[in-house]
Amino acid sequence: MSVVNIIRKEEDPGLFYVESNYGLLMFDTGAVTSQLQHSDLTSTLEIAQIAECNGAFGSKMQKYVVVDELCVGDISAKNLPVSLDDSVGLLGIDVLRNYAFTLDTQNNEIILIKPFVSNIPCKVGQQRGHFYVEAQIWGKHCLAVIDTGAGCSVLDEAFLRDVNVSIPEGNVAIAEDWTGETFETKMMSVDSLHIGNVRFPQHEFVLLDFKKIFQFMEYPISAIIGAITFSCRKFSFNLIDGY
């Protein structure tokens, strides 16, 4: 067993960061590719590619480089293609998919553990590598993507209509995707989320129309499970176990 400390930033204390040999990285199971911030440590890396990348509501051009090794505690990957950006560093699913771990946000620890047999049906998308789990909300089973890099959890408005739950009026917030594009969204409180045999306490979800999001997912989803949800419970993941 090995422990990596979770670091909290004052400006976004709900998200999880870890220290790497390239500086702070957000622990982000929703990121297909790991990302490094521009810094003195990355200034000598040769740009291998520049490509357009998309968020839920915007897009931008991204630079890509190859690092000899990316290390976070005992987590490491050699000859790893990563994106390079001014915004934030990310430890993505390209590295994390090879590990099993417990996310213990109450003690601010990520504990690397041996692979285990999970009682939660899960699968890893073959095309982009997103990590999906079966969830139950208001008694209805649905597929959700696990995204620890999303500060909020999100529900598809179509799912609400399917379970005959009214969208509340008046509770509106401004959200932002990873490209920096901002958009207005409604919010509501959910008190019936189950993942496996774990019930999560009542907390806020953002409501969105997932039609734009589906194009970036391997499977149709009804929810995005973000950092706010996993701050409610200690939870173990076995990404190696995905199929």
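Under the 4.5 Å side-chain heavy-atom criterion for Ile, Leu, Val, Met, Phe, Trp and Tyr, Met26 and Leu84 are members of distinct hydrophobic clusters. At a threshold of 4.5 Å between side-chain heavy atoms, the hydrophobic network of Ile, Leu, Val, Met, Phe, Trp and Tyr places Phe230 and Ile228 in two separate groups. Leu36 is not connected to Tyr64 by any chain of hydrophobic side-chain contacts under 4.5 Å among Ile, Leu, Val, Met, Phe, Trp and Tyr, and they are in different clusters. Each of Val95 and Tyr17 belongs to its own hydrophobic cluster when Ile, Leu, Val, Met, Phe, Trp and Tyr are linked at side-chain heavy-atom distances under 4.5 angstrom. Under the 4.5 Å side-chain heavy-atom criterion for ILVMFWY residues, no single connected hydrophobic cluster contains both Val4 and Ile7.
In this structure, the ring of Phe101 has its center less than 6.0 angstrom from the ring center of Phe27.
Taking the six-membered ring where tryptophan is involved, the planes of Phe235 and Phe200 are tilted, since the angle between them lies from 30° to 60°. Between Tyr132 and His130, the ring-plane angle classifies as perpendicular under the 30° and 60° cut-offs.
A donor atom on one side chain and an acceptor atom on the other are not found under 3.5 Å apart for Asp104 and Thr102. Counted by atom type alone, Thr33 and Asp94 present zero donor-acceptor pairs between their side chains at under 3.5 Å. Remark: the Asp74 side chain and the Tyr99 side chain contain no N/O donor-acceptor pair separated by less than 3.5 Å.
For Glu11, the CD atom counts as densely surrounded, since its 6.0 Å shell holds more than 12 non-hydrogen atoms of other residues, nucleotides or ligands.
No donor-acceptor distance shorter than 3.5 angstrom exists from the side chain of Glu134 to the backbone of Gly196, with no hydrogens or angles considered. A donor-acceptor pair under 3.5 Å links the side-chain atoms of Ser153 to the main chain of Gly226, judged by distance alone. Checking side-chain atoms of Arg128 against main-chain N and O of Val32 turns up no donor-acceptor pair under 3.5 Å.
In this structure, the side chains of Ile213 and Leu208 come closer than 4.5 Å at one or more pairs of heavy atoms. Ile221 places none of its side-chain heavy atoms less than 4.5 Å from the side chain of Asp156. Between Thr148 and Leu15 there is no side-chain heavy-atom pair separated by less than 4.5 Å. Residues Phe16 and Arg8 are in side-chain contact: their nearest non-hydrogen atoms beyond the backbone lie under 4.5 Å apart. Taking 4.5 Å as the limit, every side-chain heavy atom of Asp85 sits out of range of all side-chain heavy atoms of Leu90. When side chains are defined from C-beta on, Tyr219 does not count as touching Val145, because their heavy atoms never get closer than 4.5 Å. Looking at Val66 and Leu80, their side chains never come closer than 4.5 Å, going by heavy atoms from C-beta outward. Considering only heavy atoms from C-beta on, Ile47 comes within 4.5 Å of Val65 through its side chain.
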Could you walk me through whether Lys9 and Leu24 pass the side-chain contact (heavy atoms from CB on, under 4.5 Å) test, one step at a time?
CA-CA 10 Å; Lys9 287 187 175 182; Leu24 280 185; 3.9 Å; yes
Can you check side-chain contact (heavy atoms from CB on, under 4.5 Å) on Leu193 and Phe205, steps first, answer last?
CA-CA 11 Å; Leu193 170 66; Phe205 274 66; 4.0 Å; yes
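Between Val206 and the options Met187, Met188, Lys186, a side-chain contact (heavy atoms from CB on, under 4.5 Å) holds for only Met187. Checking Gln49, Lys63, Gln35 one by one against Ser83, the side-chain hydrogen bond (donor to acceptor under 3.5 Å, both in side chains) holds for a single residue, Gln35.
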